Colleague: 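Take a look at the following structure, please.
Note that the structure is predicted; figures quoted are calculated from it, not measured.
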Amino acid sequence: MKSLGQLPEWQYTTLNGLIPSLEILFLDVNRLTGKIPSYLGQITTLRYLSIENNMFSGTVPPELGDLVNLESLTLSANNLSGELPLALANLIRLKQLRLSSNNFTGRIPEFIQSWKQLDALEIEAAGFTGPIPSNISFLTSLTEL
């Protein structure tokens, strides 16, 4: 399958001028490559971000932790690796997190307990090792694992 390419290096000011209150960004199934752009973390109005089923690689940028209004984050079916950055603990409004079919390393982070509103956590074939952290019991809204 041929790559479509990378996301352009937009300037947030340009994006903000065009769409001052962008809440939903779905870039699913576009054969996008490269790293997830860190500038996405500047679009703090985002509530839903999905880049599922592309060819992104590398680590998740810690700047995504600046998306304090984010309710749904879908990174499934890419070639992402490394550990999840601690900055994601800031996503306290997160209701859905989908990470399946990637190449992450390490354990599921302990900071998942920060996501008190989480109702869906999809981590099938994400690459994590070890047991599911016991503090997952703090996620009382969780209905899908």
Colleague: Which pair of non-hydrogen atoms, one from Thr44 and one from Gly41, has the smallest distance, and what is that distance?
Modeller: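 Heavy-atom minimum between the residues: CG2-O, 3.8 Å.
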Colleague: For the residue pair Leu145 and Ile132, what are the closest heavy atoms and their distance?
Modeller: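 Heavy atoms only, the tightest pair is CD2-CD1, 4.2 Å.
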Colleague: List the residues meeting side-chain hydrogen bond (donor to acceptor under 3.5 Å, both in side chains) with Glu124, not counting sequence neighbours, and say none if there are none.
Modeller: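 If we apply the side-chain hydrogen bond (donor to acceptor under 3.5 Å, both in side chains) test to Glu124, skipping adjacent residues, there are no hits.
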Colleague: Any side-chain heavy atom of Ile24 within less than 4.5 Å of one from Arg47?
Modeller: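 Result no, sub-4.5 Å side-chain heavy-atom pair not found.
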Colleague: How many angstroms lie between atom CG of Asn30 and atom CG of Asp28, to the nearest 0.5 angstrom?
Modeller: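 It comes to 7.5 Å.
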Colleague: Please step through side chain to side chain contact (heavy atoms under 4.5 Å, CB included) for the pair Met55 and Asn79, ending with a clear verdict.
Modeller: CA-CA 6 Å; Met55 293 183 250; Asn79 296 310; 4.3 Å; yes
Colleague: Go through the structure and list residues passing salt bridge (charged side-chain N to carboxylate O under 4.0 Å, His left out) with Arg107, not counting sequence neighbours.
Modeller: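 Partners of Arg107 by the salt bridge (charged side-chain N to carboxylate O under 4.0 Å, His left out) criterion come out as none, since no residue qualifies.
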Colleague: Assigning hydrophobic clusters by single linkage (Ile, Leu, Val, Met, Phe, Trp, Tyr; side-chain heavy-atom cutoff under 4.5 Å), is Leu67 placed with Leu86?
Modeller: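 Hydrophobic grouping puts Leu67 with Leu86.
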Colleague: Could you walk me through whether Arg93 and Leu70 satisfy the side chain to side chain contact (heavy atoms under 4.5 Å, CB included) test, starting with their C-alpha distance in whole Å, then the side-chain angles of each, then the deciding distance to 0.1 Å, before giving a yes or no?
Modeller: CA-CA 6 Å; Arg93 294 186 178 166; Leu70 206 60; over 6 Å; no
Colleague: Between atom CG of Leu80 and atom NZ of Lys35, what is the distance when rounded to the nearest 0.5 Å?
Modeller: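 Separation between the atoms: 10.5 Å.
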Colleague: How many angstroms lie between atom CG of Leu40 and atom CG of Leu27, to the nearest 0.5 angstrom?
Modeller: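 The CG atom of Leu27 is 7.5 Å from CG of Leu40, to the nearest 0.5 Å.
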Colleague: Which atoms form the tightest heavy-atom contact between Pro62 and Ala87, and what is the distance?
Modeller: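 Smallest interatomic distance, heavy atoms only, reads O-CB, 3.3 Å.
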Colleague: Quick check: closest heavy atoms across Pro37 and Pro61, and the distance to 0.1 Å?
Modeller: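 Distance-wise, the nearest heavy atoms are O-CG, 4.3 Å.
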Colleague: Would you check if the side chain of Asn90 reaches a backbone N or O of Asp66 as a donor-acceptor pair within less than 3.5 Å?
Modeller: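 Such a contact is absent between Asn90 side chain and Asp66 backbone.
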Colleague: Taking the side chain from Thr143 and the backbone from Asp119, do they hold a donor-acceptor pair closer than 3.5 Å?
Modeller: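 At least one qualifying donor-acceptor pair exists.
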Colleague: Looking at CG of Asn69 and CG of Leu46, how far apart are the two atoms once the value is rounded to the nearest 0.5 Å?
Modeller: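 So the CG of Asn69 and the CG of Leu46 are separated by 9.0 Å.
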Colleague: With rounding to the nearest 0.5 Å, note down the distance linking CD in Glu144 to NZ in Lys95.
Modeller: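 Rounded to the nearest 0.5 Å, the CD-NZ separation comes out at 14.5 Å.
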Colleague: Which pair of heavy atoms, one from Ala89 and one from Ser114, lies closest together, and at what distance?
Modeller: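 Answer, listing the atom of Ala89 first, then Ser114: O-CB, 3.5 Å.
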Colleague: Mark yes or no for whether Thr45, through its side chain, and Leu22, through its backbone, hold a donor-acceptor pair below 3.5 Å.
Modeller: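 Pair found, side chain donor or acceptor close to backbone of Leu22.
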Colleague: With a 4.5 Å limit on heavy-atom distance, are the side chains of Val60 and Phe104 in contact?
Modeller: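 When only atoms from C-beta onward are counted, Phe104 and Val60 do touch, with a gap below 4.5 Å.
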Colleague: Would you give the length of the straight line joining atom CZ of Phe138 to atom NZ of Lys116, rounded to the nearest 0.5 angstrom?
Modeller: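 If we round to the nearest 0.5 Å, Phe138:CZ and Lys116:NZ are 6.5 Å apart.
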Colleague: Is there a side-chain contact between Glu23 and Tyr48, using heavy atoms and a 4.5 Å cut-off?
Modeller: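 They are not in side-chain contact.
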Colleague: Taking all non-hydrogen atoms of both residues into account, name the closest pair between Leu64 and Leu91 and its distance.
Modeller: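 Smallest heavy-atom distance, with atoms named: O-CD2, 3.5 Å.
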Colleague: Find out whether Ile136 and Ile108 are in side-chain contact, i.e. whether some heavy atom of one side chain is under 4.5 Å from a heavy atom of the other.
Modeller: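 A side-chain contact is absent here, since even the closest heavy-atom pair is not under 4.5 Å.
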Colleague: Does Ser76 reach the main-chain N or O of Ser100 with its side chain, forming a donor-acceptor pair under 3.5 Å?
Modeller: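 Yes.
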Colleague: Kindly indicate whether the side chain of Phe111, heavy atoms from C-beta on, has any atom under 4.5 Å from the side chain of Leu84.
Modeller: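 Result yes, sub-4.5 Å side-chain heavy-atom pair found.
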Colleague: Can you confirm whether Ile51 sits close enough to Asn78 that some side-chain heavy atom of one is under 4.5 Å from a side-chain heavy atom of the other?
Modeller: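 The answer is yes, as the side chains (C-beta and beyond) meet within the 4.5 Å cut-off.
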Colleague: A side-chain contact here means heavy atoms from C-beta on lying under 4.5 Å apart; do Leu88 and Trp115 qualify?
Modeller: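 Yes, their side chains come closer than 4.5 Å.
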